[in-house]
Amino acid sequence: MGKRVALVLAGCGVFDGSEIHEASAALVHLSRGGAEVKIFAPNIEQRDVVDHLKGSPAEEKRNVLVESARLARGNIQDLAELKASEFDAVIFPGGFGVAKNLCSWAVDGKDCTVNEHVNSTLQAFHSAKKPIGLCCISPVLAAKVFPGCEVTVGQDKNVDGRFPDAETASAIAELGCKHVCKNVNESHVDKANKIVTTCAFMCKAPLHEIFDGIGTMVQEVLKLA
């Protein structure tokens, strides 16, 4: 029997929701790993809406659960309904929606607050000693909720211009967590906390390398489950 994995989304689209390629990559690797996946998102209003063609704010309102349903092909549930007891692991793809809708990192950085249902989900899996997978910017959720944990968002310096958001590593360290430098095709496993992270689009890399890195994260999560 395959592992039961919950996937938590933050909307649809890199600039105001979940990064679509990351969500899709996670789902492909979970499928290849024989996992049974159910998708969730919080039933809340998005912090903002971005016109992805123009790259500028749009004067409209959207709901995170409704938008996430686009990625889930309609098969999705309210995050408030997620019960950790029914799953072996949970995975959070990245995208600005994580930093805007699942927490306020985009505005407040290390002083951010985490959505109550996101926080309770992370706490429930952690307390049950079940693995948590995070990619791109979503490792900041673990850094905020679990002081002392180990995560990666890639490199802590902007190596060859490939890591433009390298300062995120410093903010993670300021939260009392350990940032571990990794390449885009690698992931880091915090064995003590069962937290697996990979940088994905925090690195300017070819799509296949990001896809492969997410694959290593998913494989490690399934091993721990």
**Study point:** Any Leu141 side-chain heavy atom under 4.5 Å of Val118 side chain
**Key:** yes
Review point. Do Ile132 and Val196 have side chains that get closer than 4.5 Å, going by heavy atoms?
Key: no
Review point. Within the side chain of Ser138, is there an N or O that forms a donor-acceptor pair under 3.5 Å with the backbone of Phe92?
Key: yes
Revision key, fill the gap. One should read off an interatomic distance between Asn183 CG and Thr198 OG1, to the nearest 0.5 angstrom, of 9.5 Å
Exercise for review: Is it possible for you to say whether Val114 and Val8 belong to one hydrophobic cluster, with membership spreading through side-chain heavy-atom contacts below 4.5 Å?
Suggested key: yes
Point to revise | Any donor-acceptor N/O pair, His188 side chain to Cys181 backbone, under 3.5 Å | key: no
**Study point:** From CG (Leu71) to CD (Glu19), nearest 0.5 Å
**Key:** 9.5 Å
Practice item. Among residues two or more places apart or on two chains, list those pairs meeting ring pair (Phe, Tyr, Trp, His ring centres under 6.0 Å) that have a residue in residues 195-225. Key: His29-Phe211
Check your understanding: Cut-off 3.5 Å, side chains only: do Thr216 and Ser187 have a donor facing an acceptor?
Key -> yes
Point to revise | Candidates Asp16, Asp108, Asp48 - the one meeting salt bridge (charged side-chain N to carboxylate O under 4.0 Å, His left out) with Lys100 | key: Asp48
Check your understanding: Within the distance-only criterion (no hydrogens, no angle test), does the side chain of Lys130 pair as donor or acceptor with the backbone N or O of Ala89 below 3.5 angstrom?
Key -> no
Point to revise | Check: Ser127 side chain, Gln123 main-chain N or O, donor-acceptor pair, under 3.5 Å | key: yes
Review point. With hydrophobic residues grouped by side-chain heavy-atom distances under 4.5 Å, do Val98 and Val64 end up in a single group?
Key: no
Check your understanding: Would Asp88 and Val5 count as a side chain to side chain contact (heavy atoms under 4.5 Å, CB included) if you check the C-alpha gap in whole Å, the side-chain angles of each, and the deciding distance to 0.1 Å?
Key -> CA-CA 6 Å; Asp88 300 303; Val5 180; 5.7 Å; no
**Study point:** Any side-chain heavy-atom pair of Leu134 and Ile195 under 4.5 Å
**Key:** yes
Check your understanding: Side chains of Asn43 and Asn63: donor-acceptor distance under 3.5 Å anywhere?
Key -> yes
Review point. Under 4.5 Å between any side-chain heavy atoms of Leu7 and Pro93, yes or no?
Key: yes
Practice item. Please examine the side chains of Thr197 and Lys182, heavy atoms only from C-beta on, and report whether any two atoms are closer than 4.5 Å. Key: no
Review point. Under 4.5 Å between side-chain heavy atoms, hopping through other hydrophobics if needed: is there a path connecting Ile210 to Val153?
Key: no
Review point. Would a 4.5 Å heavy-atom cut-off, applied to side chains only, mark Val37 and Ile91 as touching?
Key: no
Practice item. Treating Ile, Leu, Val, Met, Phe, Trp and Tyr as nodes and any side-chain heavy-atom pair under 4.5 angstrom as an edge, say whether Leu122 and Ile44 lie in one connected cluster. Key: no
Check your understanding: Any idea which heavy atoms bring Gln46 and Asn101 closest together, and the distance?
Key -> CA-OD1, 3.4 Å
Point to revise | Side-chain heavy-atom pair Phe163, Lys157 within 4.5 angstrom cut-off | key: no
Exercise for review: Please check if atom CZ in Arg4 has more than 12 non-hydrogen atoms from other residues, nucleotides or ligands closer than 6.0 Å.
Suggested key: yes
**Study point:** Distance in Å, Glu36 CD paired with Phe87 CZ, rounded so as to fall on 0.5 Å steps
**Key:** 7.5 Å
Point to revise | Atom pair CZ (Phe96) and OG (Ser18), whose distance is rounded to the nearest 0.5 Å | key: 13.0 Å
Review point. For the side chain of Lys3 and the backbone of Leu222, is there at least one donor-acceptor N/O pair under 3.5 Å apart?
Key: no
Point to revise | Arg73 side, atom CZ; Arg70 side, atom CZ - distance, nearest 0.5 Å | key: 14.0 Å
Review point. Is it true that a side-chain atom of Asp51 and a backbone atom of Lys54 form a donor plus acceptor pair closer than 3.5 Å?
Key: yes
**Study point:** Sidechain-backbone polar pair: Asp190 side chain, Asn193 backbone, donor-acceptor under 3.5 Å
**Key:** yes
Review point. Does the Ser31 side chain pair with the main chain of Leu27, one donor and one acceptor, at a distance under 3.5 Å?
Key: no
Exercise for review: First locate atom NZ of Lys110, then atom NZ of Lys144, and finally report the distance between them rounded to the nearest 0.5 Å.
Suggested key: 7.5 Å
